[in-house]
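What follows is a structure written as structure tokens; I'll ask about it next.
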Amino acid sequence: QQQVKQSPQSLIVQKGGISIINCAYENTAFDYFPWYQQFPGKGPALLIAIRPDVSEKKEGRFTISFNKSAKQFSLHIMDSQPGDSATYFCAARGAGGTSYGKLTFGQGTILTVHP
Amino acid sequence: EPEVTQTPSHQVTQMGQEVILRCVPISNHLYFYWYRQILGQKVEFLVSFYNNEISEKSEIFDDQFSVERPDGSNFTLKIRSTKLEDSAMYFCASSVSGQETQYFGPGTRLLVL
């Protein structure tokens, strides 16, 4: 019940295309859903995050879509660039009182954007 | 921009040896975390630490592991007797509160031979 399932494992997109990564969760106590970007040899860095009271959040070329009833959320990268090539992790965190900040991560998606 | 730092960047040790991984969290942060990532796998939570005590830990964080904040700046993870399966990248993270963004350090790659 604590798992976050992420797909696909890897994704290849042409420059300018749309990259879509999906995540699903089961624990309804999760109330914060961040996406992290990780380049080789580096730590994960927060990209964008959403709370379940909204269905969509957009920051530049990055959009999170959130479906509370389906317990799914996805990351859309518009106009994908070669510099976006990285591993992307979705994550989830429980609400205050049930969590001291523990993040549960998905398996990760290796995104490759070809020029 | 403030960042989490970790030392060493790489550590090679023999099975059964003790290792201490060090982290300097962002200065005004009050919550500290350790995660690990076995090569090619997902990032896994180990432990969270607040107010000089462990607030939550995972099943991975057994008696061989301990954390400490020995002074006002460092946060350490000790593995008392390393096993081969402890080989992983260990990330430290910190946040202002348990409900705020966690910032990750660059990691320490631990290899147990």
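This one's a predicted model, so the numbers in the text were calculated from it and none came from an experiment.
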Less than 4.5 Å apart, side chain to side chain, heavy atoms only: is that true for B/F91 and A/Q38? yes
Please say whether more than 12 non-hydrogen atoms of neighbouring residues, nucleotides or ligands are located less than 6.0 Å from NZ in B/K83.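 Result for NZ/B/K83: enclosed.
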If you look at every heavy atom in A/Y32 and B/T101, which pair is closest and at what distance? OH-OG1, 3.8 Å
In one Ile/Leu/Val/Met/Phe/Trp/Tyr side-chain cluster, 4.5 Å: B/V47, B/Y50: no
Under a 4.5 Å heavy-atom cut-off, does chain A meet the side chain of B/Q37, its backbone, both or neither? side chain
Minimum side-chain heavy-atom gap A/R93-B/F45 below 4.5 Å: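 Answer no - side chains too far apart.
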With a 4.5 angstrom heavy-atom cut-off, could you sort out which part of A/P44 is near chain B: side chain, backbone, both or neither? both
Taking atom CG of B/D63 as the centre, does the number of heavy atoms from other residues, nucleotides or ligands within less than 6.0 Å exceed 12? no
In this structure, are over 12 heavy atoms from other groups packed under 6.0 Å from B/E85 atom CD? yes
Side-chain donor/acceptor of B/Q102 to backbone N/O of A/G101, under 3.5 Å: yes
For B/L84, does the CG atom have more than 12 heavy-atom neighbours from other residues, nucleotides or ligands under 6.0 Å away?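 Enclosed.
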To the nearest 0.5 Å, what is the distance between CG (A/L103) and OG (B/S48)?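 The OG atom of B/S48 is 10.5 Å from CG of A/L103, to the nearest 0.5 Å.
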Hey, would you say the B/Y35 and A/F105 ring centroids sit under 6.0 Å apart? yes
Are there over 12 heavy-atom neighbours, none belonging to B/Y103, within less than 6.0 Å of that residue's OH? no
Could you tell me the separation between the OG atom of B/S55 and the NZ atom of A/K102, rounded to the nearest 0.5 Å?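 The distance works out to 11.5 Å.
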Between B/Y33 and B/V67, is there a shared hydrophobic cluster once you connect ILVMFWY residues whose side-chain heavy atoms come closer than 4.5 Å? no
Check whether any side-chain heavy atom of B/V43 sits under 4.5 Å from a side-chain heavy atom of A/F89, and report yes or no.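 Sidechains of A/F89 and B/V43: in contact.
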I'd like to check B/K42 versus A/Q6 (side-chain heavy atoms, cut-off strictly below 4.5 Å). Are they in contact?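 B/K42 vs A/Q6: side chains apart.
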Do the side chains of A/W35 and A/Y25 join up, straight or via other hydrophobic residues, at under 4.5 Å, putting them in one cluster?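 A/W35 and A/Y25: one cluster.
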